[in-house]
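What follows is a set of notes on a single structure, which appears directly below.
Letters A, B, ... are given to chains in the order of the sequence lines, protein chains preceding strands, and every chain is numbered from 1.
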Amino acid sequence: MSARALWLAFRSGLGGRQAFSTKGSGRITVEVIEHLERLALVDFGSREAVARLEKAIAFADRLREVDTDGVEPMESVLEDRCLYLRSDNVAEGNCAEELLQNSRQVVEEYFVAPPGNISLPKLGEQESFQHS
Amino acid sequence: MAAPMLRRVGLGRLWGFAWVDGGSGHRRGSPNGSTSSRRREQSSVAQQPLHTAQKPRKGGHKWAAVVGLEIHAQISSNSKLFSGSQVSFMAPPNSLVSFFDASLPGTLPVLNRRCVEAAVMTGLALNCHINKKSLFDRKHYFYSDLPAGYQITQQRLPIAANGSLTYGVFMGNKQSRMATKTVRIRQIQLEQDSGKSLHDDLRSQTLIDLNRAGVGLLEVVLEPDLCCGEEAAAVIKELQLILQALGTSQANMAEGQLRVDANISVHHPGEPLGVRTEVKNLNSIRFLAKAIDHEIQRQINELESGGEILNETRSFDCKLGCTVPMRDKEGKQDYRFMPEPNLPPLVLYDSASLPAGTESQQVINIDQIRDALPELPSATRERLVRRYGMLPEHSFTLLNEVGLLQFFQNVMKETRAEPKKVTSWVLNTLLGYLKHHNLAVSESPVTSSALAELLDLLDSKAISSAAAKQVFEELWKGEAKSAAQVVSEKQLELMQDREALEQLCQSTMEGHPQVVTDMKSGNPRAINKLIGLVRKATLNRADPAEIKDILERLSS
């Protein structure tokens with residue numbers, strides 16, 4: 001059996017709403033994992049990956065120990081830089097051939113993509129889900 | 001005791017006031033507590049009279065619709081928002097795409113100054129507060145025409161917010177009166193456009209053209225202050241005119257430069273807002289109004305028959321004339337907004353805050369842009385009304401029709417005729433012919449010079465107004481004849497010889513003594529009959545007013 005199938009069996013064995021307990025404040029539920037997997041199209045293929053996620057959250061949580069009263073939140077590390085404004089001239093483009101080389105399939109200078117978004121199967125159907 | 005609240009209800013063109021029971025529904029006065037007399041009891045409680053302009057629907061409940069619009073206008077610029085590839089409507093597929101637009105690794109966004117200026121101009125024209133500091137964010141979702149997997153937009157702190165747009169709506173069925181209304185603008189933000197997908201259902205694939213990917217868009221978000229399709233259409237029309245006057249967008253809906261999504265819900269006044277649906281794929285103002293009205297009706301029908309409204313996205317099918325659910329939308333999207341890490345905040349200045357010694361190319365001065373704003377449509381209309389004394393409705397029509405204002409002004413330049421006459425001829429006669437033959441102003445066979453000449457002839461009383469209409473019809477054939485030529489060819493000149501006309505009147509009167517007696521005894525129809533007879537005798541070459549004058553003089 002593949003690692004993924006084992007993982008699925010493990011999850012369904014635990015039942016729907018089990019939470020993975022951690023030492024820290026995070027309780028990552030199965031729903032959150034599934035939600036993240038769909039949104040970001042990542043694959044938390046194993047228990048270790050979830051544990052790593054929880055450790056990352058615990059690490060970030062330590063930020064809350066800092067007293068930020070009266071401090072303006074930072075927008076980004078670039079926030080005191082000047083945003084460069086480019087003048088409105090045409091300087092790029094005209095490289096269709098080069099760009100189309102990146103595509104596995106091309107039809108008359110168009111990129112070819114699957115028809116619309118293919119829905120991810122629901123949890124119960126994932127046994128038959130094949131990685132392409 | 002809670003006072004009954006008076007709430008405004010609008011649906012379509014009918015406006016009325018409906019009672020909303022604001023509290024626990026106490027009944028004062030009548031000891032008879034039967035529910036059928038509830039209305040009467042409420043009015044006895046009332047301090048104000050009850051008006052209803054609407055027939056109550058079944059169940060006696062009135063519905064109010066709430067419509068919010070989200071508009072995406074493609075910025076009219078040479079290059080894209082964050083890259084230097086060209087912005088053009090027609091071009092070979094994927095030929096206007098830079099490495100950044102194709103989302104190749106290692107590429108970074110560089111902001112186009114023109115797009116920022118366009119956003120500031122639009123914000124100022126729509127009375128918005130311009131945020132001196134605005135931020136860029138990433139909005140993530142997966143679709144084949146979005147190569148990066150996210151769109152750079154301004155969700156947290158947009159470039160402009162809290163504005164208003166004043167527009168005119170025709171009241172009543174005859175389009176004879178105009179009312180001015182205002183819709184609030186929540187915010188205006190800069191964002192990237194996505195590429196174009198062509199669906200090939202036969203081969204089960206989608207063809208992607210990234211020429212449009214990365215083009216700058218202005219998203220204008222309106223507060224849900226609208227109540228029907230007609231108001232929405234008027235708002236969009238006004239916004240189009242403003243954007244075109246500013247030059248920030250060509251705002252042509254058919255070419256996709258202006259895209260509108262509508263959020264629609266219905267509720268009973270006084271109750272919380274209903275579930276809203278989003279309607280997309282509206283590519284003309286006419287369909288926009290139709291789709292909104294249809295969706296409002298669909299929701300009302302659904303709720304009245306006990307169903308419920310799903311928070312879904314629907315598409316307007318123009319062939320069927322109704323909204324249908326869109327495929328490919330699974331529940332609520334989580335866009336995982338995050339700040340765009342590659343772009344610092346966008347800082348704008350005004351004359352007071354402008355730092356000294358900075359390169360003018362790198363700073364944007366809001367005050368400078370405000371001073372350079374062109375005349376907005378509302379100001380143009382006011383100017384027309386003031387200068388030419390026309391009705392506000394006329395000024396709206398002149399601006400709404402592409403090229404008509406220019407035509408009107410050209411005629412005014414070349415003719416001596418009064419503005420009111422010119423207005424009437426342009427708006428009634430010319431526009432009527434154009435509409436009947438489905439032509440644009442630019443395709444009019446009658447040029448502004450020709451019309452000016454015709455109006456001069458009319459003004460100098462060389463021809464009667466009936467003859468002028470005939471001349472216009474002849475000119476419409478487009479045979480490159482001048483008005484004067486047509487007049488002489490068809491012998492439409494008014495009789496200039498007053499004596500001859502008097503003689504004709506005299507002879508006509510002698511020929512019809514009975515009618516003359518009727519006229520003298522005060523029968524108004526008799527004189528008209530005589531005028532008609534004289535006109536026939538002159539082959540329509542006499543001015544009826546003059547004939548009447550002579551007849552009255554001769555018979556006194």
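Between B:P344 and A:L83, the shortest heavy-atom distance links the atoms CD-CD1, 3.6 Å. Between B:P345 and A:E79, the closest heavy-atom pair is CD-CA, 3.5 Å. Residue A:A113 comes nearest to B:I208 through the heavy atom pair CB-CG1, 4.0 Å, listed as atom of the first residue, atom of the second, then distance.
A distance of 11.5 Å separates CZ in A:R86 from CD in B:Q362, rounded to the nearest 0.5 Å. Here the CG atom belonging to B:L111 is positioned 11.0 Å from the OH atom belonging to A:Y84, to the nearest 0.5 angstrom. Here CG of A:L100 is found 10.0 Å from OG of B:S95. Values are rounded to the nearest 0.5 Å.
Proximity to chain B (any heavy atom under 4.5 Å) is restricted, for A:N102, to the side chain, taken from C-beta onward. Interface remark: B:F136 contributes side-chain atoms only to the contact with chain A (heavy atom separation under 4.5 Å). For B:L135, the part lying under 4.5 angstrom from a heavy atom of chain A is the side chain only. Neither the backbone nor the side chain of B:L157 comes within contact range of chain A; no heavy atom of the residue lies under 4.5 Å from a heavy atom of that chain. Proximity to chain B (any heavy atom under 4.5 Å) is shown, for A:N94, by both the backbone and the side chain. For chain A, the nearby part of B:N342 is the backbone; its heavy atoms alone come within less than 4.5 Å. Neither the backbone nor the side chain of B:V347 comes within contact range of chain A, judged by heavy atoms closer than 4.5 Å. Heavy-atom distances place no part of B:V87 under 4.5 Å from chain A, backbone and side chain included.
Taking 4.5 Å as the heavy-atom cut-off, the residues of residues 77-84 of chain B that approach chain A are B:S77, B:N78, B:S79, B:K80, B:L81, B:F82, B:S83, B:G84, ordered by number.
Side-chain contact between A:E92 and B:F99: absent, with no pair of heavy atoms (C-beta onward) separated by less than 4.5 Å. Looking at heavy atoms from C-beta onward, B:T206 lies out of side-chain contact with A:V112 at the 4.5 angstrom threshold. Looking at B:L96 and A:V90, their side chains never come closer than 4.5 Å, going by heavy atoms from C-beta outward. You'll find the side chain of A:E108 stays beyond 4.5 Å of the side chain of B:P93, heavy atoms only.
With a 6.0 Å radius and a threshold of 12 heavy atoms from other residues, nucleotides or ligands, A:R81 has its CZ atom at or below the threshold.
Per-residue counts of heavy-atom pairs under 4.5 Å with chain B were compared for A:D80, A:N89, A:V77; the largest is that of A:N89. Contact count versus chain A (heavy atoms, under 4.5 Å) is highest, among B:Q361, B:R336, B:R114, for B:R336.
Each of B:V363, B:N112, B:I364 was checked for a side-chain contact (heavy atoms from CB on, under 4.5 Å) with A:L85, and the lone residue meeting it is B:I364.
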Task: Derivation and outcome, side-chain contact (heavy atoms from CB on, under 4.5 Å), residues B:S144 and A:F111 - done: CA-CA 9 Å; B:S144 319; A:F111 293 99; over 6 Å; no

TODO: Decide yes or no on side-chain contact (heavy atoms from CB on, under 4.5 Å) for A:V107 and B:R203, but give the supporting numbers first.
DONE: CA-CA 12 Å; A:V107 167; B:R203 288 179 205 85; over 6 Å; no

